[in-house]
Amino acid sequence: MNDKIRLRFAPSPTGPLHIGGVRTALYNYLFVKKMGGTLILRIEDTDQERYVSGAESYIIESLQWLGMNFDEGPEIGGDFGPYRQSERKSLYGKYAQHLIDNGYAYYAFDTAEELTAIRKEYESRKETFRYDGITRQQLKNSLTLSAEEVEVILASGAPYTIRLKIPRDEEVLINDIVRGEVVFQTNELDDKIMLKGDGMPTYHLANIVDDHLMKISHVVRGEEWLPSTAHHILLYRFLGWEDTMPQFAHLPLILRPNGKGKLSKRDGAKFGIPVFPISWEGENPEDSFEGFREFGFMPEAVLNFLAFLGWNPGTEQEIFSLSELAEAFTLDRISKAGARFDFEKASWFNQQYLIQTDNAELGKLLKPFAKEKGYEVSDEYLTAVAGMMKERVNALPEVIETGYYFFEPIREYEEKMIRKKWNPDRKAALLALNEQLENLPDYQAEKLETSTKEYLEANSLGFGDVFPFYRIALSGTTKGPALFEMMEALGTAEVKKRLLTAFPAFDEVFAKKINS
RNA sequence: GUUCCUGUGGACGAAUUGGUUAAGUCACUGCUCUUUCACAGCAGAGAUUACGGGUUCGAGCCCCGUCGGGAAUACCA
């Protein structure tokens with residue numbers, strides 16, 4: 001165990017965990033496993049207005065389903081808790097005070113309404129307002145007001161915020177593991193709020209304080225944080241923690257399937273694809289989503305797919321178990337450009353996992369999907385169906401959908417082949433063959449095949465004379481699993497029944513053909 | 001608008017870090033196998049490495065500019 005390597009995944013419980021967040025969690029997880037470090041789950045719930053109950057348990061359930069285990073966290077415990085920022089509220093004040101006392105921050109008394117009014121005014125002039133080293137001189141804060149005035153306001157109990165006092169004319173250098181050196185000019189930075197009017201810290205303060213207190217060694221997070229990293233570095237400096245500052249790695253964005261913009265929650269519905277790990281019940285239908293799990297994806301496949309969205313091992317291997325990923329993973333092979341979310345590729349990964357998964361296991365996974373459709377069948381039967389169908393589908397529900405004929409009567413017979421080759425005279429041969437097969441001591445795929453071959457030979461018939469019709473009678477389509485395997489699964493009685501129901505339908509097609 | 005990030009076939013992306021013929025996978029097309037579909041195997045098509053300059057014996061890789069894409073710009077994270 002390397003106790004110097006400590007990473008955290010720090011989602012905020014404002015809704016379901018989006019697939020980009022899952023990838024961030026995954027990269028944190030992989031690096032920790034690779035290095036033998038510690039992985040921490042920290043809930044960043046400093047915004048009570050956007051807080052959504054159930055989001056935290058959703059996050060934990062998702063992570064569990066995916067098989068990513070954490071070493072420290074709200075439910076798990078650990079020596080650096082509590083792991084919810086709301087429960088750490090009392091901690092942050094003294095650091096904000098430290099900033100004030102050392103001249104790195106100041107009190108600001110502008111109300112939210114006043115600020116939005118100013119922003120609007122700037123906007124009407126096609127400018128963007130920024131609370132910074134220039135504009136703060138015109139605003140209501142402890143830098144412009146006299147010490148006495150500030151005393152009075154503070155004593156009155158009126159709400160205030162604490163803002164970071166960004167120095168003028170300096171450069172802040174970020175040394176990012178994936179981006180290299182990035183330089184920001186402090187004159188371009190705004191005086192970000194550290195402590196909000198309600199006494200809660202903002203992300204920026206809480207994040208830095210907690211990362212320091214929790215001895216975080218590496219911050220692996222999304223690219224959207226890169227612009228505020230300069231503020232974070234300044235904070236480490238002002239708090240006197242610069243020498244133990246974590247290393248940063250900013251992950252590339254995940255882009256929408258059409259390449260325009262970053263993948264968002266609503267893209268799931270828009271493109272008919274999952275963008276969440278598991279389903280989420282929102283307050284109304286448009287806030288509810290199905291996840292990869294409900295789409296019938298295997299967690300290993302989702303992880304494997306996600307791992308390759310912005311990273312690759314540099315070898316030709318593509319199928320990796322979670323532990324193999326951890327073994328191969330390095331931060332420096334993370335790519336810089338945003339990666340497009342390609343659902344077809346995700347499906348391919350899933351199919352690969354489906355194929356390599358044991359049939360009995362798949363049968364078990366299939367059960368809830370079968371139940372949903374009202375199919376009550378044995379585990380053995382589901383296992384057999386899974387075995388026959390897994391190479392032919394991308395996701396589990398498809399087994400039930402395209403293989404519906406394993407569970408209910410044929411809905412429709414594919415007419416093309418019937419029209420082309422069917423002749424009512426063939427009934428006799430099919431029936432005779434079927435009778436021969438029914439009387440076999442063992443109604444099993446291989447036996448059925450040899451027996452059929454014997455029959456065909458004895459009656460000088462070809463495969464094409466009986467096969468297509470047998471197949472259509474049993475499944476309604478010319479596509480699908482091997483015929484004899486289907487027969488074995490269906491059983492003699494069902495096969496016979498399907499044959500007899502099919503014949504009138506075939507004849508009808510034949511009659512239509514003659515009459516036209 | 002401003003700041004920052006980014007740009008290799010349709011998609012993901014490789015290229016011993018400046019060394020000559022730009023991998024591989026997904027998707028697409030064809031062939032083989034197969035009673036069908038799929039899987040698998042083989043083959044094919046698809047790229048002036050966004051564009052323009054520069055440095056160099058040599059540039060996908062370094063520098064400058066242009067253009068495109070993205071993110072940030074909240075008392076949200």
Side-chain angles (χ1 to χ4, degrees), chain A residues 10-14 44-47 49-50 85 108 110-112 115-116 119 122-123 125-131 159-163 174 176 178-179 182-185 187-190 192-204 206-207 221-230 250 252-253 255 257 259-262 305 308-319 335-349 351-352 355 388-393 402 414 417 449 452 462-468 470-472 475 477-484:
Chain A
S12 72
T14 54
E44 309 226 323
D45 54 350
T46 53
D47 185 356
E49 288 192 9
R50 291 209 309 155
Q85 288 183 329
D110 325 86
T111 66
L115 289 174
T116 44
R119 284 207 172 82
Y122 269 65
E123 215 169 294
R125 297 202 308 262
K126 286 199 187 299
E127 283 173 39
T128 306
F129 170 73
R130 190 167 60 203
Y131 207 123
Y160 62 88
T161 62
I162 293 180
R163 282 182 182 271
I174 299 167
D176 190 273
V178 344
R179 316 268 150 190
V182 181
V183 182
F184 283 89
Q185 306 298 324
N187 292 3
E188 301 292 341
L189 270 27
D190 65 328
K192 283 212 187 305
I193 290 181
M194 297 290 105
L195 217 55
K196 301 188 262 189
D198 63 2
M200 272 287 195
T202 56
Y203 169 89
H204 308 287
N207 193 265
R221 59 172 22 166
E223 181 182 287
E224 66 270 23
W225 292 109
L226 191 54
S228 51
T229 304
H250 286 96
L253 258 15
L255 273 18
K260 300 251 178 232
K262 78 167 172 182
F305 164 65
F308 275 74
L309 234 44
W311 173 87
N312 75 83
T315 64
E316 288 183 10
Q317 184 182 349
E318 289 210 283
I319 302 297
S335 46
K336 296 177 184 149
R340 206 161 295 192
F341 185 87
D342 182 3
F343 188 64
E344 294 208 53
K345 188 85 183 207
S347 297
W348 177 80
F349 272 110
Q351 186 187 39
Q352 296 297 309
I355 290 171
M388 284 184 276
M389 295 298 289
K390 66 179 184 180
E391 283 177 4
R392 280 160 253 269
V393 298
T402 65
E414 209 174 89
M417 176 61 77
E449 184 168 2
T452 300
F463 279 115
D465 296 323
V466 290
F467 260 79
Y470 226 135
R471 173 181 287 289
I472 294 174
S475 70
T477 168
T478 54
K479 300 174 182 176
L483 179 58
F484 300 111

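Convention: sequence-line order gives letters A, B, ...; per-chain numbering from 1. The model shown is predicted, which means the values in this text are computed figures rather than measured ones.
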Sugar-phosphate, base or nothing in reach of A/Gly261, heavy atoms under 4.0 Å = sugar-phosphate
Kindly say whether A/Trp225 contributes a backbone atom to a donor-acceptor pair with the side chain of A/Ser228 at under 3.5 angstrom?
-> yes
Indicate, with a heavy-atom threshold strictly under 4.0 Å, whether A/Lys126 touches base, sugar-phosphate, or nothing.
-> nothing
A/Val393 near the nucleic acid: base, sugar-phosphate alone, or nothing, with a heavy-atom cut-off under 4.0 Å?
-> nothing
Residue pair A/Pro252/A/Ile355 against RNA chain B: nearer the 5' end by closest nucleotide is A/Pro252
OP1, OP2 of B/A14 versus side-chain N and O of A/Asn312: anything below 4.0 Å?
-> yes
What nucleic acid atoms does A/Gln352 come within less than 4.0 Å of, heavy atoms only: base, sugar-phosphate, or nothing?
-> sugar-phosphate
Short side-chain N/O contact from A/Lys345 to OP1 or OP2 of B/G24, under 4.0 Å = no
To the nearest Å, how far apart are A/Gln351 CD and B/U25 C1'?
-> 14 Å
Determine the Euclidean distance between corresponding C1' atoms of B/C33 and B/A43; express it in Å to zero decimal places.
-> 15 Å
Is it the case that A/Asp47 and A/Tyr203 place a side-chain donor and acceptor less than 3.5 Å from each other?
-> no
Cation over ring face, A/Arg119 and A/Tyr122, 6.0 Å, 45° = no
Please state how far atom CG in A/Leu189 lies from atom C1' in B/U73, giving the value in whole angstrom units.
-> 11 Å
Will you find, in the side chains of A/Thr202 and A/Arg163, an N or O donor that is under 3.5 Å from an N or O acceptor?
-> no
Going by a 90° cut-off around 0, is B/U16 syn or anti?
-> anti
Which part of the nucleic acid does A/Thr14 contact within heavy-atom distance under 4.0 Å: base, sugar-phosphate only, or nothing?
-> nothing
If B/G65 has a Watson-Crick or G-U wobble mate with both distances under 3.5 Å, name it; if not, just say none.
-> B/C51
Between B/G7 and B/U66 - C1' atom distance, rounded Å = 13 Å
Could you state the CD-C1' distance from A/Glu127 to B/G1, rounded to the nearest angstrom?
-> 9 Å
Between B/G41 and B/G46 - P atom distance, rounded Å | 24 Å
Do the charged groups of A/Glu188 and A/Arg130 touch, with an N to O distance under 4.0 Å?
-> yes
For A/Tyr470, report the nucleic acid contact type (base, sugar-phosphate, nothing); a contact means any heavy atom under 4.0 Å.
-> nothing
Watson-Crick or G-U wobble partner of B/A15, both distances under 3.5 Å | none
Check whether any side-chain N or O of A/Thr477 sits under 4.0 Å from OP1 or OP2 of B/U36, and answer yes or no.
-> no
Integer angstrom distance from the C1' of B/U56 to that of B/C62 = 10 Å
What interatomic distance, in whole Å, is found between P of B/C64 and the corresponding atom of B/U3?
-> 16 Å
Return the nucleotide paired to B/G1: Watson-Crick means purine N1 to pyrimidine N3 with N6-O4 or O6-N4, wobble means G-U with N1-O2 and O6-N3, both under 3.5 Å.
-> B/U73
Determine the Euclidean distance between corresponding P atoms of B/A77 and B/C67; express it in Å to zero decimal places.
-> 36 Å
Rounded interatomic separation in angstrom, taking CZ from A/Arg340 and C1' from B/A27 = 14 Å
Classify the nucleic acid contact of A/Thr111 as base, sugar-phosphate or nothing, counting any heavy atom under 4.0 Å across all strands shown.
-> base
Base, sugar-phosphate, or nothing: which does A/Gly464 touch, judged by heavy atoms less than 4.0 Å apart?
-> nothing
NA contact type, A/Leu483, heavy-atom cut-off 4.0 Å: base, sugar-phosphate, or nothing?
-> base
Is A/Asp342 salt-bridged to A/Arg340, cutoff N-O under 4.0 Å?
-> no
Tell me what A/Gly222 touches on the nucleic acid: a base, only sugar-phosphate, or nothing, going by heavy atoms under 4.0 Å.
-> nothing
Separation of the P atoms in B/C26 and B/G65, to the nearest angstrom | 41 Å
So what does A/Pro159 hit on the nucleic acid, given a heavy-atom distance under 4.0 Å: a base, only sugar-phosphate, or nothing?
-> nothing
Counting just side-chain N and O atoms, does A/Ser335 come under 4.0 Å of either OP1 or OP2 of B/G13?
-> yes
Protein-nucleotide distance (A/Arg392, atom CZ; B/C39, atom C1'), rounded to Å | 8 Å
Contact class for A/Ala112 (heavy atom, under 4.0 Å): base, sugar-phosphate, or nothing?
-> base
Any side-chain N or O of A/Lys192 under 4.0 Å from OP1/OP2 of B/U73?
-> no
Same-atom distance (C1') from B/G54 to B/G10, integer angstrom = 33 Å
Starting at CD of A/Gln317 and ending at C1' of B/A14, how long is that distance when rounded to a whole Å?
-> 15 Å
Could you tell me whether A/Arg471 and A/Glu414 have a side-chain N and a carboxylate O separated by less than 4.0 Å?
-> no
Hey, would you say the A/Tyr470 and A/Phe463 ring centroids sit under 6.0 Å apart?
-> no
Answer yes or no: does a side-chain N or O of A/Arg163 lie under 4.0 Å from OP1 or OP2 of B/C75?
-> yes
Which base, if any, makes a Watson-Crick or G-U wobble pair with B/C42, both distances under 3.5 Å?
-> B/G30
Minimum heavy-atom distance between A/Pro201 and A/Ala206, given as atom pair plus value | CG-CB, 3.8 Å
Would you indicate what A/Arg119 reaches in the nucleic acid, counting non-hydrogen atoms under 4.0 angstrom: base, sugar-phosphate, or nothing?
-> sugar-phosphate
Take atom CG of A/Asp190 and atom C1' of B/A74, then tell me their distance rounded to the nearest Å.
-> 9 Å
Rounded to the Å, how far apart are A/Tyr122 OH and B/A74 P?
-> 13 Å
Among B/A77, B/U35, B/C39, which is the nearest nucleotide to the side chain of A/Phe463?
-> B/U35
Determine the contact category for A/Ala482: base if any of its heavy atoms lies under 4.0 Å from a base atom, sugar-phosphate if only primed atoms, P, OP1 or OP2 are that close, otherwise nothing.
-> base
